[in-house]
Amino acid sequence: MTDNPFTLIERHACCGGEIHFLSHQSQELGLPTRVNLFLPPQALAGARVPVVHVLAGLTCTQDTFLIKSNAVRYAAEYGLALVAPDTSPRGADVAGEDEAYDLGTGAGYYVDATSDPWAAHYRMGSYVRNELPTLIEEHFPIQVGHRGVMGHSMGGMGALSIALGDAEAWRTVSAFAPISSPSQVDWGRKVTASYFGGYEAEWTQYDPCLLLDSGRIHPGTLLVDQGSDDEFLDRLRPDLLEQAAKAAGQSLKLRRHEGYDHSYWFVQSFIQDHLKHHAEGLL
Ligand SMILES: N[C@@H](CCC(=O)N[C@@H](CS)C(=O)NCC(=O)O)C(=O)O
């Protein structure tokens with residue numbers, strides 16, 4: 001076991017468990033980064049518990065999902081730890097990184113940039129896939145091998161891409177309003193032009209539909225919720241996910257909800273089903 005790299009910034013009792021606000025120096029990002037952890041009552045009582053990583057969307061931070069989704073209450077009930085990383089590096093000092101809501105800070109897309117000036121620090125792909133889960137499992141009471149991932153919007157894309165990319169490591173997956181095929185929509189084209197230096201083929205490792213097309217199947221069911229009144233539907237393209245899953249033979253439970261938009265009001269309306277889905281697959 002390596003020395004504990006985490007600094008505890010704040011600790012709060014919550015739903016019988018504890019929220020830890022942590023920071024650590026990330027080797028992948030080459031910067032200090034923040035992460036929030038929820039340990040359920042079962043972990044405080046001495047048990048090792050399964051863990052679900054939760055990935056937020058554009059403009060969000062490590063705080064957003066835990067505060068706005070109501071996930072903590074159900075994670076406490078089912079005995080799941082939650083890990084909420086930030087959505088991008090902070091302090092990379094790339095010119096213009098704070099100018100747009102959909103590129104740079106708050107928009108790391110859970111990918112590794114391959115083009116300068118982004119490539120040095122914008123490595124959220126390797127950070128959330130490998131570095132962070134390994135460190136959390138080493139230093140907190142987590143049941144190794146019992147790991148799931150869920151996310152919203154950009155984070156939904158991250159969750160699907162991470163689980164399809166390494167189904168053995170990530171046993172359960174779910175998403176709210178995911179960007180289903182970033183390579184085919186404007187948000188993703190902006191990423192191609194910047195983080196990937198125009199090289200669209202980088203998306204083959206991250207685009208959920210491209211992963212399915214290439215035969216990457218998850219043995220579990222992908223649980224996906226989508227509001228029918230979502231203002232970003234033309235960029236999320238759940239129809240493409242549905243087609244790709246069908247063609248690949250991937251089990252997908254895609255639920256469309258009339259009247260719901262893209263916000264965390266939508267997320268919190270269906271969050272219990274997602275935590276139950278993870279608990280059933282991980283416990
Ligand atoms: N209208 C937003 C677009 C970004 C957005 O809607 N972000 C979603 C994720 S893609 C979100 O969760 N925002 C934070 C929130 O709703 O609290 C803005 O310009 O800031």
Side-chain angles (χ1 to χ4, degrees), residues 19 21 34-36 38 52-74 82-90 96-111 122 124-125 128 149-162 173-192 194-195 203 206-209 222-241 254-257 259-275:
I19 298 274
F21 287 2
R34 296 280 303 264
V35 54
N36 292 345
F38 172 67
V52 181
H53 290 246
V54 301
L55 308 179
L58 295 166
T59 72
C60 296
T61 71
Q62 71 285 347
D63 292 335
T64 316
F65 203 104
L66 294 193
I67 291 175
K68 292 188 167 182
S69 72
N70 217 8
V72 169
R73 174 167 306 280
Y74 300 109
L82 298 175
V83 174
D86 204 345
T87 55
S88 73
R90 308 279 166 178
E97 68 178 347
D98 297 330
E99 280 167 18
Y101 81 95
D102 56 355
L103 193 75
T105 48
Y109 277 91
Y110 309 105
V111 301
Y122 278 74
M124 291 302 287
V128 295
V149 62
M150 66 194 281
H152 172 229
S153 195
M154 172 182 78
M157 181 216 101
L160 294 173
S161 109
I162 287 167
V173 56
S174 70
F176 294 92
I179 306 173
S180 295
S181 194
S183 65
Q184 298 188 52
V185 301
D186 283 351
W187 275 333
R189 288 190 195 106
K190 200 164 174 179
V191 170
T192 309
S194 51
Y195 300 164
W203 279 120
Y206 305 113
D207 180 311
C209 288
L222 316 181
L223 171 62
V224 176
D225 279 314
Q226 176 63 61
S228 296
D229 287 6
D230 190 312
E231 55 275 37
F232 298 116
L233 260 186
D234 61 335
R235 293 173 178 223
L236 302 171
R237 300 298 306 268
D239 53 315
L240 295 180
L241 182 65
L254 171 61
R255 309 187 302 182
R256 291 182 168 84
H257 303 281
Y260 286 89
D261 62 21
H262 194 63
S263 69
Y264 273 88
W265 302 113
F266 155 64
V267 173
Q268 71 165 262
S269 304
F270 303 101
I271 192 76
Q272 182 173 11
D273 294 346
H274 286 239
L275 271 301

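First listed ligand is number 1; within each ligand, the first listed atom is number 1.
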Decide side chain to side chain contact (heavy atoms under 4.5 Å, CB included) for Leu160 and Leu241; before the verdict, give the C-alpha distance in whole Å, the side-chain angles of both, and the deciding distance to 0.1 Å.
-> CA-CA 10 Å; Leu160 294 173; Leu241 182 65; 4.1 Å; yes
Side-chain (Arg237) to main-chain (Ile179) donor-acceptor, under 3.5 angstrom = no
For side chain to side chain contact (heavy atoms under 4.5 Å, CB included), just list the numbers for Phe232 and Asp261, CA-CA rounded to whole Å, side-chain angles, deciding distance to a tenth of an Å, and then say yes or no.
-> CA-CA 9 Å; Phe232 298 116; Asp261 62 21; over 6 Å; no
Ring geometry between His257 and Phe270 (parallel below 30°, tilted from 30 to 60°, perpendicular above 60°) = parallel
Does the ring center of Tyr74 lie less than 6.0 Å from the ring center of His274?
-> no
Can you list the atoms of ligand 1 that are under 4.0 Å from a heavy atom of His152?
-> 9 (C), 12 (O)
Taking only heavy atoms of Ser153, which atoms of ligand 1 are found under 4.0 Å from at least one of them?
-> 10 (S)
Scan the protein's non-hydrogen atoms and note whether one is under 4.0 Å from atom 2 (C) of ligand 1.
-> no
Does an N or O anywhere in Lys68 fall below 3.5 Å from an N or O of ligand 1?
-> yes
So, is Gly57 polar-close to ligand 1, with some N/O to N/O distance under 3.5 Å?
-> no
If we number the atoms of ligand 1 from 1 as shown, the ones under 4.0 Å from a heavy atom of Thr59 are 4 (C), 7 (N), 13 (N), 14 (C), 20 (O)
Side-chain donor-acceptor contact under 3.5 Å, Thr61 with Asp86 = no
Does atom 17 (O) of ligand 1 have a protein non-hydrogen atom under 4.0 Å from it?
-> yes
Give a yes/no on ligand 1: does Cys60 have at least one heavy atom closer than 4.0 angstrom to it?
-> yes
